[in-house]
Student: 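Mind looking over this structure? Questions follow.
Any value given below was found using the heavy atoms of this structure, including those in side chains, with hydrogens, waters and symmetry copies removed. Here is how names work: the chains are called A, B, and so on, in the same order as the sequence lines, proteins then strands, and each is numbered from 1.
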Amino acid sequence: MERIKQDSSRNSPILMTRENRTFVVSLVLFLFLAHICTLVEGFQGATVSYNRFPRIQKLGATSDEIYNSIDVISARNPSLKASNRSNDLQILNEEIEKRMSHANTDATIDYDWEGIRDLMQHIVKTANYKNTQERKLVHDSFRLISSQTFRQPTSLSWDAVKFGLEMMELQVSVGSIPRSLCLQALKSLNIFMRNTKGLSLADRQFQANSAFRILQRLCTGVGLHIPKEQNKNVQISLDERDFCMVLNGFVNVGDLQMAHRVVALQCRTDNAPPLSPIGYSILIKGHGRQGDIQGVDELLARAKMNDIEPDIIMYNSLIDAYINCDEVSKAYSLFKQLKELRPSQEEQENPLPTPNLRSYNTMLKGFAKAEDMESALSLAKEMENAKLWDSVTTNTLVSAAIATQNFAMAESILERYTIIPYTGKKRWHPNVEAYTQLIGAYSLNGDLENAKRVFKLMKERGVDPNEYTYTAIMGALAREWQTPQIKKLLLYMKNVDAIIPSVVTYNAILAGIIEKNNYQEEGDGSDLVYNKVADDVLDIFQDMLATSVTPNEITASLLVDALGYCKPSRLDETRNIISKMDENGLVNSNNARISTSMIRAYSKASDIAGAQRTFDAISEPDTIAFNALLSAYCDSGSIRQAMNIYRNNFNLAELKNGESYVSHDVATYTILISSLLKIGSTQNASKMYNEMKKEGISPDTGAIDAVLTPMISLGNSVGLTDKDINFISEVLADGRKLEWPGEYLKRKEKAIKIISSGRMRDSSIESLDEDPLFKRKNWNKVDSGFKLWGGIIPQETSKPVIDEFLESKNWNDMDSSFRLF
DNA sequence: CTAGGGTTAG
């Protein structure tokens, strides 16, 4: 398929009229189709992607040609007509040998895996397994393949190994396989499971599952045989490493159930080694990542019961697991225990290992996560004094500063600890992550100028930006809707720095542009603004396709958002693009995320039936989609309907009908409560508030505000009953348990006091809704945006504070004889 | 075979 070139002479879409906007969309779709065809061509008929690279040399004939020759030969020899399959098999076997033999001569040859697969399937289907000679030929063909795909040391790609594994499964379906083949396959898998960079989740799942099946076969002996001439070069029995590799594979894809099956297999197998601290470390990591503190504790108890002596790695895994479970103090007490000086260590029965640099860095990460800058700094000072410091320490300390919004401190840490000059052999500068994070943080704070400054600073200090850095800086530009600059930077990134943007890069840009759109005030000709935003989004999307970056579900939902925000909603275009993407197998249009955006779009277009239809079609509806549906009904004024939907769903839970039940969250109730209050139904709002708490859902700041703000204005206009006052007091009491930025709650309290003492229309009440902080975050708009100040604290005058801190820690006049790098 | 850093996300 010929690649369609991007027409760069095209006008900027911002200046476009509606007519040629249709042209843009068609163009986008056209490019899209071209892109898809290229993709499909590569994936055709295969469950796996073998032909991602251009074929350099065509090997042998096509399968059809082979079948044809067989027919020709058979026809020419009537004596063979008595269905002499052995001869056919012989021919096919020779063809396989021919195709596989190229392996040794030229590594640049791309195998025709599809053709080989066809031939093997034909062989397997036509052979007579009762005939010894035929059976031997079949297995000989398989051996020809496996000896290449699993050869050691491997110089083949993951695709080759993947093909070998597929063929092994095919072989198992027609007979037993040699034990040595299993061990060989496991060894090959090992190599690719160790370095999983660049592999998709599906590939990693395939690896773990394949490895498990092989392991299972090796443990049980089912479907295995041991040939007489045993290959002496091959590992003979299983050792702990084999189990740990598979275990780690499952933990890394987040499948703990399978991980525990591996452990069970290991424990059940007679001559397998028992679970060691290594296995425990892997499992602890897995449960920690899931935030399953109970699982972590159970593992620790089990290790103790089995008299396991944990090494430093297992302790570090534990510290990290505690941190991942938000149990930083638990992590710290373990860390302190390890640090304690034990003078009579020899006398102790179980001496604890000494913490190493990784223990310290992990602990530092914990303080960063807990936003405890003071502890982070004092630990960092201790590390510097003990000469325990590396680039991860710098990066982690910077992330702690950023987490506490101490940007000036982040910059001074970077100024002091950036590795200069950097001569490492690694692909990237080790501190690029810290700079990237800082750019991202400035961007999130709406501070494009500083984000750009840091980006320039990196160049000055020889810290080369990578894909992540570009993503962050272009996200920052997108938030300020600087499309021309973004396009320039994209070109620079691709052509000068030779970095290929990822789907995340493009999603960040699209999300940023749309976010800015959110901030546009309604009215004042904003339909024009919305349409310009949508055109820019489509423009970037087109660039994405032209760069051959495959869009995903997030991309699709962002496109829906962009077009859905338009006035009027460009729903037809939206549907066309999404169904095109669906037809080409890129996304599932019934994906919950895409559908949620569609529901919002329908809601904006006042098409409530469309919203309901979309929800009903979702393959796995979730809370957020459900909430969007409720919002749609509420926004269209059908609160009664929204309540009915909620009730029906609630009853499903009572009936324990888990199939279609969607769980509620605090947002579900906030939507219902705020629209009930909008029509002055304080009684029902109060009922819902209590139902929420009865369900074990505690109100957050958004829920509290959704009650207090409208209740206060109701109090000002129509007055409140005693019951209403009780409701407010209850909510206020809940609110006091939460952290609020600035004076928010105090003001509300004051306003409520005034109302309940009968005084109306006080000037302090009116000013409530004009808090600039809330305005910036759209706080005043009661909609389904809830996490309105996720960690955003007004920037303090942090510079003097930091200097004081550094002064008090004597960091400003550190012993200069100690050079870190 | 096991432990510590970054970008997007209804």
Student: From the options B:dA9, B:dG10, B:dT2, select the nucleotide whose nearest atom is closest to the side chain of A:I554.
Tutor: B:dA9
Student: Does anything in residues 592-599 of chain A reach DNA chain B, meaning a heavy atom under 4.0 Å, and if so which residues?
Tutor: A:A592, A:R593, A:T596
Student: Taking the side chain of A:A472 as heavy atoms from C-beta outward, which of B:dT7, B:dA9, B:dG10 is closest to it?
Tutor: B:dT7
Student: Nearest whole angstrom, please: distance from the P of B:dT2 to the CZ of A:R289.
Tutor: 11 Å
Student: What is the distance from OH of A:Y315 to C1' of B:dA3, rounded to the nearest Å?
Tutor: 14 Å
Student: Can you tell me how far C1' of B:dA3 sits from OH of A:Y322, to the nearest Å?
Tutor: 15 Å
Student: Under 4.0 Å from OP1 or OP2 of B:dA3: is there any side-chain N or O of A:K285 that close?
Tutor: yes
Student: Just do the salt bridge (Lys or Arg N to Asp or Glu O under 4.0 Å) check on A:K369 and A:D326 with the steps written out, would you?
Tutor: CA-CA 8 Å; A:K369 199 177 180 212; A:D326 284 318; 3.0 Å; yes
Student: I need the CH2-C1' distance between A:W428 and B:dT7, as an integer number of Å.
Tutor: 11 Å
Student: Nearest whole Å is fine: how far is B:dT2 P from A:D242 CG?
Tutor: 13 Å
Student: Please walk me through it: do A:F335 and A:Y360 pass ring-ring contact (aromatic ring centres under 6.0 Å, His included)?
Tutor: CA-CA 8 Å; A:F335 176 73; A:Y360 279 84; 5.0 Å; yes
Student: Which listed nucleotide (B:dG5, B:dA9, B:dT2) is nearest to the side chain of A:A511?
Tutor: B:dA9
Student: Check every atom of B:dT7, B:dA9, B:dA3 against the side chain of A:E515 and return the nucleotide holding the closest atom.
Tutor: B:dA9
Student: Can you figure out which of B:dT7, B:dG5, B:dG10 approaches the side chain of A:V504 most closely?
Tutor: B:dT7
Student: Would you call the rings of A:F212 and A:F250 parallel, tilted or perpendicular, where under 30° means parallel and over 60° means perpendicular?
Tutor: perpendicular
Student: Nearest to the side chain of A:Y468, which nucleotide is it out of B:dT7, B:dG5, B:dT2?
Tutor: B:dT7
Student: Taking atom types as they are modelled, is there a donor-acceptor pair under 3.5 Å from the base of B:dG10 to the side chain of A:N627?
Tutor: no
Student: Measure OH/A:Y435 against P/B:dT7 and give the value in whole Å, please.
Tutor: 17 Å
Student: Identify whether the glycosidic angle of B:dG5 places it syn (within 90° of 0) or anti.
Tutor: syn
Student: A:M458 and A:I439: side-chain contact (heavy atoms from CB on, under 4.5 Å), yes or no, with the steps?
Tutor: CA-CA 10 Å; A:M458 291 177 70; A:I439 291 172; 3.9 Å; yes
Student: Could you walk me through whether A:Y506 and A:T547 pass the side chain to side chain donor-acceptor pair (under 3.5 Å) check?
Tutor: CA-CA 11 Å; A:Y506 280 102; A:T547 315; 3.1 Å; yes
Student: Does A:N395 contact B:dG6 through a side-chain donor or acceptor facing the base, at a distance under 3.5 Å?
Tutor: no
Student: Which part of the nucleic acid does A:S399 contact within heavy-atom distance under 4.0 Å: base, sugar-phosphate only, or nothing?
Tutor: nothing
Student: Let's see if you can work this out: which of B:dT7, B:dG10, B:dA3 has an atom nearest to the side-chain heavy atoms of A:D320?
Tutor: B:dA3
Student: Measuring from A:I540:CD1 to A:L490:CG, what's the distance to the nearest 0.5 Å?
Tutor: 6.0 Å
Student: About how many Å separate CG of A:L338 and CD1 of A:I319, when rounded to the nearest 0.5 Å?
Tutor: 5.5 Å
Student: At 4.0 Å (heavy atoms only), tell me whether A:V246 reaches a base, stays on the sugar-phosphate, or touches nothing.
Tutor: nothing
Student: Can you tell me how far P of B:dG10 sits from CG of A:N507, to the nearest Å?
Tutor: 11 Å
Student: Between A:L215 and A:L186, does a side-chain contact (heavy atoms from CB on, under 4.5 Å) hold up when you go through it step by step?
Tutor: CA-CA 8 Å; A:L215 207 58; A:L186 208 55; 4.0 Å; yes
Student: What's the closest nucleotide to the A:E467 side chain, out of B:dT2, B:dT7, B:dG5?
Tutor: B:dT7
Student: Please state how far atom CG in A:D390 lies from atom C1' in B:dA3, giving the value in whole angstrom units.
Tutor: 13 Å
Student: With a 4.0 Å cut-off on heavy atoms, is A:N466 in touch with a base, just the backbone sugar-phosphate, or nothing at all?
Tutor: base
Student: Please state whether the rings of A:Y442 and A:F407 are parallel, tilted or perpendicular, taking 30° and 60° as the class boundaries.
Tutor: tilted
Student: Using a cut-off of 4.0 Å on non-hydrogen atoms, how would the nucleic acid contact of A:I624 be classed: base, sugar-phosphate, or nothing?
Tutor: base
